[in-house]
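Model, not experiment: these values are computed from the prediction. First the proteins, then the strands, lettered A, B, ... as listed; each starts at 1.
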Protein chains: 2
Amino acid sequence: MKLNVTAQDVARLARVSQSAVSRTFTPGASVSEETRNKVMLAAQTLGYRPNALARSLITRRSRIIALVMSYLENQFYPLVIEKLSQKLQKQGYHVLMFISDLDEADAVLTEILQYQVDGIVMASTTLSTALAKTCADAGVPVVLFNRVPDTSALARHSTSSVTSNNYLGGRMVAELLLERGYRRLAFLAGLENSSTNQERERGFNDVLEEAGLAPYRREVGHYSFSGAQEATRKLFCSGPYPDAVFVANDHMAIAAMDVLRLELGLRVPEDVGVVGFDDVPQAAWGSYRLTTVVQSVEDMVSATVDLLHEQMQGEVNSRNVIVPCRIVERDSVRLHPSPDTAKSHQ
Amino acid sequence: MKLNVTAQDVARLARVSQSAVSRTFTPGASVSEETRNKVMLAAQTLGYRPNALARSLITRRSRIIALVMSYLENQFYPLVIEKLSQKLQKQGYHVLMFISDLDEADAVLTEILQYQVDGIVMASTTLSTALAKTCADAGVPVVLFNRVPDTSALARHSTSSVTSNNYLGGRMVAELLLERGYRRLAFLAGLENSSTNQERERGFNDVLEEAGLAPYRREVGHYSFSGAQEATRKLFCSGPYPDAVFVANDHMAIAAMDVLRLELGLRVPEDVGVVGFDDVPQAAWGSYRLTTVVQSVEDMVSATVDLLHEQMQGEVNSRNVIVPCRIVERDSVRLHPSPDTAKSHQ
DNA sequence: CTGAAAGCGCTTACAG
DNA sequence: CTGAAAGCGCTTACAG
């Protein structure tokens with residue numbers, strides 16, 4: 001079988017012009033039924049498939065979307081890859097993966113731009129918004145996923161974003177914990193400079209403040225498993241212990257629960273309540289049954305795709321879409337206030 | 001800023017030919033220091049980046065590798081995406097993601113081929129080997145990841161693969177379990193027709209047979225979490241219970257452990273020993289501490305990339321690389337034979 | 001509806 | 001080392 005079958009080859013066999021071949025493979029182009037049939041037959045026998053690269057070169061649309069991520073340890077992100085990729089595939093787009101740490105960011109950016117991608121989804125907490133701006137300047141739509149552009153005014157105008165309502169989520173967590181009688185509320189932070197982390201913490205703190213309270217303790221887990229273990233140990237290194245901890249995401253919350261129960265011998269939720277954020281599949285696993293704030297990956301992905309389309313169609317205005325979130329109650333927060341129980345086991 | 005800066009634009013500004021521009025961006029091409037400097041300066045001021053699509057069209061190398069997967073629920077696969085993507089990026093290649101169920105396989109294939117990818121990594125258990133053959137026929141290198149080509153002789157010659165030593169892994173599990181005094185050994189299968197599952201089971205069964213034993217019970221979990229829960233319930237629906245179960249992968253083993261302990265009130269490893277396969281990060285989590293067979297993602301990815309390069313350089317012979325694996329002992333298998341303990345708690 | 005022709009942005013012999 | 005030119009495989013006005 002000949003390796004690179006071109007439209008020219010098909011045209012020759014079908015005894016039509018190369019244009020005719022191109023037209024039968026271009027949805028909406030005008031070809032007679034007869035020509036189309038001749039072409040299809042020839043294409044079939046030769047095993048012809050249009051060269052997407054050549055097409056992209058001339059149409060100036062690659063139908064490729066770059067997806068930039070920094071790490072997949074947190075199961076939330078694989079979910080995003082899966083849903084985004086599937087959704088985009090259905091619309092004839094494809095996802096080019098870029099895994100990037102902060103230090104390689106510039107190289108990655110150049111590569112992305114070279115591939116003439118139609119859009120970029122940045123789901124990496126560590127990449128600076130300045131990079132997003134560079135892309136936007138190059139005329140490539142950018143949507144920030146699960147983070148918000150930083151306060152630099154320049155960036156704001158050129159970049160869209162989708163996040164869940166992190167602030168409200170943080171508030172809901174504090175409200176729940178307070179209602180259930182927890183009083184010494186700690187916060188286990190993710191990355192200090194991540195907008196997601198900041199919003200969640202701000203919502204949490206605001207409710208505490210409104211109740212005349214303050215965060216009891218605070219440590220940083222850097223969104224990593226081992227970081228969260230370490231932070232949990234610090235949070236509970238001396239009494240009186242916090243009686244509840246809001247962890248900035250599920251991935252870290254699970255690490256925290258293991259330390260609490262297995263290393264420190266504390267009971268969840270009796271001795272200490274734990275709440276996470278994301279609702280990754282593991283949060284529902286029997287050994288954790290984590291009460292957490294649900295971020296709908298589907299909704300966030302839908303919004304992302306919509307935003308991408310808007311920008312690709314030349315919308316000038318960028319938008320920051322905020323997807324609603326809600327708490328799912330499992331077993332890591334007690335159902336009724338019973339502060340005595342909590343105290344009697346420390 | 002002008003959006004599409006071309007080599008022509010740079011040439012004009014630098015007062016050199018377009019060829020000169022191309023050469024300074026082609027590693028190894030002969031350009032004088034002086035010309036290169038003029039070009040670089042002009043490129044810098046215009047913000048020029050070579051168009052990878054145009055380059056690919058003429059060099060016939062896209063430097064894109066397609067990665068086909070079916071689902072990312074099992075954390076093993078996100079790890080593969082991460083490592084493979086990073087490794088390939090370092091070599092100037094990029095990963096185009098394809099998430100595909102069995103029924104969309106043909107469509108996916110066509111799209112892959114249209115993008116003129118330089119190679120394909122198939123890490124989907126569900127895609128038939130026939131598809132791999134089609135790609136190989138089209139002259140595109142294919143390497144099967146974590147699976148082996150089926151017995152069709154045609155496929156064998158055109159497709160490489162990398163797996164860990166699943167057969168030996170299965171044997172090691174049976175040997176460990178027997179040595180620790182477990183006698184009623186059950187197998188919780190993944191997908192019946194997956195080569196990975198078959199090999200693991202065959203190794204396991206062979207050792208039992210050599211010891212004059214047979215698998216005590218067997219159920220199928222389809223590599224899914226809920227499937228594994230269901231299968232575990234069936235395995236333990238009537239006494240005498242199995243005293244150990246080898247689960248075809250960690251993802252299912254974790255589901256099984258939760259059912260065993262939380263639903264059935266059995267202790268692991270005292271009442272029942274559990275062994276998995278893969279060593280995903282979750283297997284090491286405190287609540288599971290799963291004893292399992294380690295498949296090195298790094299090693300498998302390295303082998304995959306090597307195989308890809310071989311085939312891209314026109315190697316005619318395909319190879320099936322088998323990466324060694326080993327057992328990591330944690331706490332889901334007891335350390336010493338003590339069959340009495342196991343019996344007294346059923 | 002159809003074909004000839006121009007052109008997308010590059011690389012690479014070829015001749016100097 | 002350098003430039004003019006051909007060509008990668010397509011799409012799309014343009015004229016018929």
Original post:
Out of C/dT11, D/dT12, D/dC10, which has the shortest distance to the side chain of B/Thr59?
Top reply: C/dT11
**OP:** Measure from the side chain of A/Thr35, starting at C-beta and using heavy atoms only, and say which of C/dT2, D/dG9, C/dC10 lies closest.
**Re:** C/dT2
Atom [atom1] of [X] to atom [atom2] of [N]: distance rounded to whole Å?
X: B/Arg55; N: C/dC8; atom1: CZ; atom2: P; result: 19 Å
X: A/Ile58; N: D/dC8; atom1: CD1; atom2: P; result: 14 Å
X: B/Arg49; N: C/dC10; atom1: CZ; atom2: P; result: 12 Å
X: B/Gln18; N: C/dC10; atom1: CD; atom2: C1'; result: 6 Å
X: A/Asn4; N: D/dC10; atom1: CG; atom2: C1'; result: 13 Å
X: B/Lys38; N: D/dC1; atom1: NZ; atom2: C1'; result: 12 Å
X: B/Arg60; N: C/dT12; atom1: CZ; atom2: C1'; result: 13 Å
X: A/Phe25; N: D/dT12; atom1: CZ; atom2: C1'; result: 18 Å

Original post:
Closer to the 5' end of DNA chain D via nearest nucleotide, is it B/Ala54 or B/Ser32?
Top reply: B/Ser32
Does the side chain of [X] come under 3.5 Å of the side chain of [Y] through a donor N or O and an acceptor N or O?
X: A/Tyr115; Y: B/Arg63; answer: no
X: B/Asn320; Y: B/Ser161; answer: yes
X: B/His94; Y: B/Gln89; answer: no
X: B/Ser318; Y: B/Gln311; answer: no
X: B/Ser22; Y: B/Ser19; answer: no

Original post:
Which value, rounded to the nearest 0.5 Å, describes the distance between A/Ile112 atom CD1 and A/Met122 atom CE?
Top reply: 6.0 Å
Original post:
D/dA13 pairs with which nucleotide, Watson-Crick or G-U wobble, both distances below 3.5 Å?
Top reply: none
**OP:** Sort out the partner of C/dA4 for me: Watson-Crick or G-U wobble, both distances under 3.5 Å, none otherwise.
**Re:** none
Original post:
When you match A/Ala29 and B/Ser22 each to their closest nucleotide on DNA chain C, which lands nearer the 5' end?
Top reply: A/Ala29
Give me, pair by pair, the N or O atoms of the protein and of nucleotides 13-16 of chain D that are less than 3.5 Å apart, along with how far apart they are.
| residue | atom | partner | partner atom | Å |
| --- | --- | --- | --- | --- |
| D/dA13 | N6 | A/Arg23 | NH2 | 3.0 |

**OP:** Indicate whether OP1 or OP2 belonging to C/dC10 is found under 4.0 Å from a side-chain N or O atom of B/Tyr48.
**Re:** yes
**OP:** Kindly say if B/Thr6 contacts the phosphate of C/dG9, meaning a side-chain N or O under 4.0 Å from OP1 or OP2.
**Re:** no
Original post:
Are the aromatic ring centres of A/Tyr48 and A/Phe25 under 6.0 angstrom apart?
Top reply: yes
**OP:** With heavy atoms under 4.0 Å as the rule, sort A/Ser56 into base, sugar-phosphate or nothing.
**Re:** nothing
